[in-house]
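Quick note: numbers below take in every heavy atom, side chains included, and nothing from hydrogens, waters or symmetry partners. The structure presented is a predicted model; accordingly, all values stated were derived computationally and were not measured.
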Number of protein chains: 2
Amino acid sequence: MLSKKSQYAFKALSYLSQKFNDGPVLISEIARKKKIPLKFLENILLELKKADILDSKKGKGGGYFLKKKPEQIKVATIIRLVNGPISMLPCVSLYFYERCKNCNEKHCALHDMMVEVRDATLDIVENRTLRDLMDE
Amino acid sequence: MLSKKSQYAFKALSYLSQKFNDGPVLISEIARKKKIPLKFLENILLELKKADILDSKKGKGGGYFLKKKPEQIKVATIIRLVNGPISMLPCVSLYFYERCKNCNEKHCALHDMMVEVRDATLDIVENRTLRDLMDE
DNA sequence: TATTAGTCCACCGGGTTGGTGGGCTAGTAT
DNA sequence: ATACTAGCCCACCAACCCGGTGGACTAATA
């Protein structure tokens with residue numbers, strides 16, 4: 001399950017995608033419009049900035065904005081960043097791989113099944129971007 | 001990600017599937033063969049028994065055994081039981097559904113995408129059983 | 001220079017995860 | 001009936017994560 005943090009992140013990013021051509025957007029505006037706890041959102045946006053997804057401007061007229069165009073930011077990237085691994089097992093993860101003790105990955109049926117699940121999931125989230133989340 | 005508990009559960013169930021025709025299997029035997037902490041495994045097996053997946057016999061010659069044939073126990077059932085929701089959002093879950101506030105599920109692009117992910121995943125785990133995990 | 005708005009840090013309660021220990025009880029073989 | 005066996009149950013544990021808050025600081029801008 002995606003954490004609330006991840007859900008907030010997607011809401012905020014979706015909002016910023018809509019406002020992509022309008023210059024910086026205040027944290028407080030996002031928080032109000034998307035009903036996200038202000039201080040919590042602050043942390044999330046800062047994290048996204050450090051990960052090079054967002055950029056910000058301080059002082060009057062400041063705020064947050066996407067560093068790239070919405071269609072250039074993949075959903076998979078955001079999930080990995082904010083939520084962690086997409087795979088169901090460490091030993092099938094591409095970005096958070098950990099060797100699986102007591103399960104030689106060559107002959108482990110669970111492993112093989114989870115590879116399938118992973119690929120089916122990635123097939124979706126790697127091919128969608130923030131642009132696809134810009135509804136309403 | 002599947003919890004360690006879930007991974008242990010699958011290992012234990014896979015072992016019990018192999019031994020399906022051999023009568024009750026000791027917790028201690030499973031723990032030893034599959035390298036699972038004994039007491040932790042005890043809890044897991046008890047939970048699976050209460051969920052009607054396993055049955056047990058007490059006293060000498062006792063142990064645990066599958067209540068149904070391996071091919072009659074779906075992987076999806078076990079995941080839901082031990083790990084929880086398979087979906088990435090509560091509002092797209094079939095078995096753990098929760099209404100999504102501030103996101104009318106009719107026009108939420110994230111929701112729609114996660115429905116796709118859910119279906120792709122279920123397509124795999126609903127169609128595999130413990131029989132498919134009986135390797136080696 | 002005053003104001004604005006992001007930055008940073010510390011803390012918090014509560015829940016989950018991954019266990020462990022000990023005693024009890026019910027079933028089984030003898 | 002008895003002894004033994006093996007599951008059952010309860011309580012507790014440390015460590016970590018989740019969701020969130022408060023306050024001070026700093027950098028940019030008008």
Side-chain angles (χ1 to χ4, degrees), chain A residues 1-12 16 19 23-32 34-67 81-85 88-90 96 98 101-102, chain B residues 1-12 16 19 23-32 34-67 81-85 88-90 96 98 101-102:
Chain A
M1 295 269 279
L2 294 181
S3 61
K4 283 202 120 184
K5 186 177 169 185
S6 304
Q7 298 177 49
Y8 289 153
F10 277 117
K11 283 183 194 247
L16 287 174
K19 301 271 181 178
V25 182
L26 293 180
I27 301 182
S28 54
E29 179 184 337
I30 306 172
R32 188 165 22 86
K34 290 295 184 175
K35 285 165 187 149
I36 303 171
L38 181 73
K39 292 292 286 181
F40 196 23
L41 179 59
E42 210 179 283
N43 299 334
I44 296 168
L45 297 182
L46 192 55
E47 195 176 327
L48 289 169
K49 179 187 175 178
K50 285 179 180 160
D52 235 41
I53 305 294
L54 298 179
D55 208 346
S56 65
K57 222 180 129 182
K58 288 186 175 183
K60 191 163 199 173
Y64 272 97
F65 50 94
L66 294 179
K67 206 163 177 180
L81 206 62
V82 184
N83 207 73
M88 298 190 94
L89 292 176
F96 298 84
E98 279 174 53
K101 30 209 150 289
N102 316 330
Chain B
M1 295 270 280
L2 295 181
S3 61
K4 282 202 119 184
K5 186 178 170 185
S6 305
Q7 298 177 49
Y8 289 153
F10 277 116
K11 282 181 195 248
L16 287 174
K19 300 271 180 177
V25 182
L26 293 181
I27 301 182
S28 54
E29 179 184 338
I30 306 171
R32 188 166 22 87
K34 291 295 183 173
K35 284 163 190 154
I36 303 171
L38 181 75
K39 294 292 287 181
F40 196 23
L41 179 58
E42 209 179 285
N43 300 333
I44 296 169
L45 296 182
L46 192 55
E47 194 176 327
L48 289 170
K49 180 189 174 176
K50 286 179 178 160
D52 234 42
I53 305 295
L54 298 180
D55 207 347
S56 65
K57 219 180 132 184
K58 288 186 175 183
K60 191 162 197 173
Y64 273 97
F65 50 93
L66 293 180
K67 207 165 176 178
L81 205 63
V82 184
N83 208 73
M88 298 191 94
L89 291 176
F96 299 84
E98 279 174 55
K101 32 209 152 287
N102 317 330

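- The CD1 atom of A:Ile44 sits 10.5 Å away from the CD atom of A:Glu42 when rounded to the nearest 0.5 Å.
- DNA chain D is contacted by both A:Lys58 and A:Leu2; A:Leu2 maps to the nucleotide lying nearer its 5′ end (nearest heavy atom per residue).
- Summarising the geometry, the separation between CG on B:Asp55 and C1' on C:dA26 is reported as 14 Å, rounded to the nearest angstrom.
- Contact annotation for B:Leu26: backbone-only contact, meaning every heavy-atom pair under 4.0 Å involves sugar-phosphate atoms and none involves a base.
- Backbone-only engagement by A:Ile27 is indicated by non-hydrogen atom pairs under 4.0 Å involving sugar-phosphate atoms exclusively.
- Residues A:Gly59 and A:Ser6 both approach DNA chain D. Their nearest nucleotides, taken by heavy-atom distance, put A:Ser6 toward the 5′ side.
- If you measure from atom CD of A:Glu29 to atom C1' of C:dA5, you get 13 Å, rounded to the nearest angstrom.
- Note: CD1 (B:Ile44) to C1' (C:dG19) measures 10 Å, nearest angstrom.
- The CG atom of B:Leu54 sits 14 Å away from the C1' atom of D:dC8 (whole-angstrom rounding).
- Contact of the A:Lys4 side chain with the A:Pro37 side chain is not registered, since no non-hydrogen atoms from C-beta on lie closer than 4.5 Å.
- With respect to B:Leu45, the side-chain contact (heavy atoms from CB on, under 4.5 Å) criterion is satisfied by exactly one of B:Ile53, B:Ile30, B:Ile36, B:Val25: B:Ile30.
- In this structure, B:Lys50 reaches the D:dC9 phosphate: one of its side-chain N or O atoms is under 4.0 Å from OP1 or OP2.
- The nucleotide whose nearest atom lies closest to any side-chain atom of B:Lys60 is, among D:dT5, D:dT29, D:dG19, D:dT5.
- Between the CG atom of A:Leu48 and the CG atom of A:Asp55 there is a distance of 12.0 Å, given to the nearest 0.5 Å.
- Between B:Ser56 and D:dA6 there is no side-chain polar atom (N or O) within less than 4.0 angstrom of OP1 or OP2.
- Protein atom CD1 of A:Ile36 is 13 Å distant from nucleotide atom P of D:dT21, rounded to whole Å.
- A distance of 12.5 Å separates CG in B:Asn43 from OH in B:Tyr8, rounded to the nearest 0.5 Å.
- One interatomic measurement links the two molecules: OH of B:Tyr64 to C1' of C:dG27, which rounds to 14 Å at whole-angstrom precision.
- The interatomic distance linking A:Leu48 (CG) with C:dG6 (P) rounds to 14 Å, in whole Å.
- Set against C:dT20, C:dT28, D:dG7, the side chain of B:Phe40 has C:dT20 as its closest nucleotide.
- For C:dG18, the OP1/OP2 oxygens have no side-chain nitrogen or oxygen of B:Tyr8 closer than 4.0 Å.
- Side-chain proximity of B:Ser3 to D:dC8, C:dG18, C:dT7: nearest is C:dG18.
- In this structure, the separation between CZ on B:Arg32 and CG on B:Leu41 is 12.0 Å, given to the nearest 0.5 Å.
- The side chain of B:Lys57 places no N or O atom within less than 4.0 Å of a non-bridging phosphate oxygen (OP1 or OP2) of C:dA26.
- Place A:Asn43 and A:Gly63 on DNA chain C by their nearest nucleotides, and A:Gly63 ends up nearer the 5' end.
- Counting non-hydrogen atoms under 4.0 angstrom, A:Leu45 reaches nothing in the nucleic acid.
- B:Leu38 has its CG atom 9 Å from the P atom of C:dT20, to the nearest Å.
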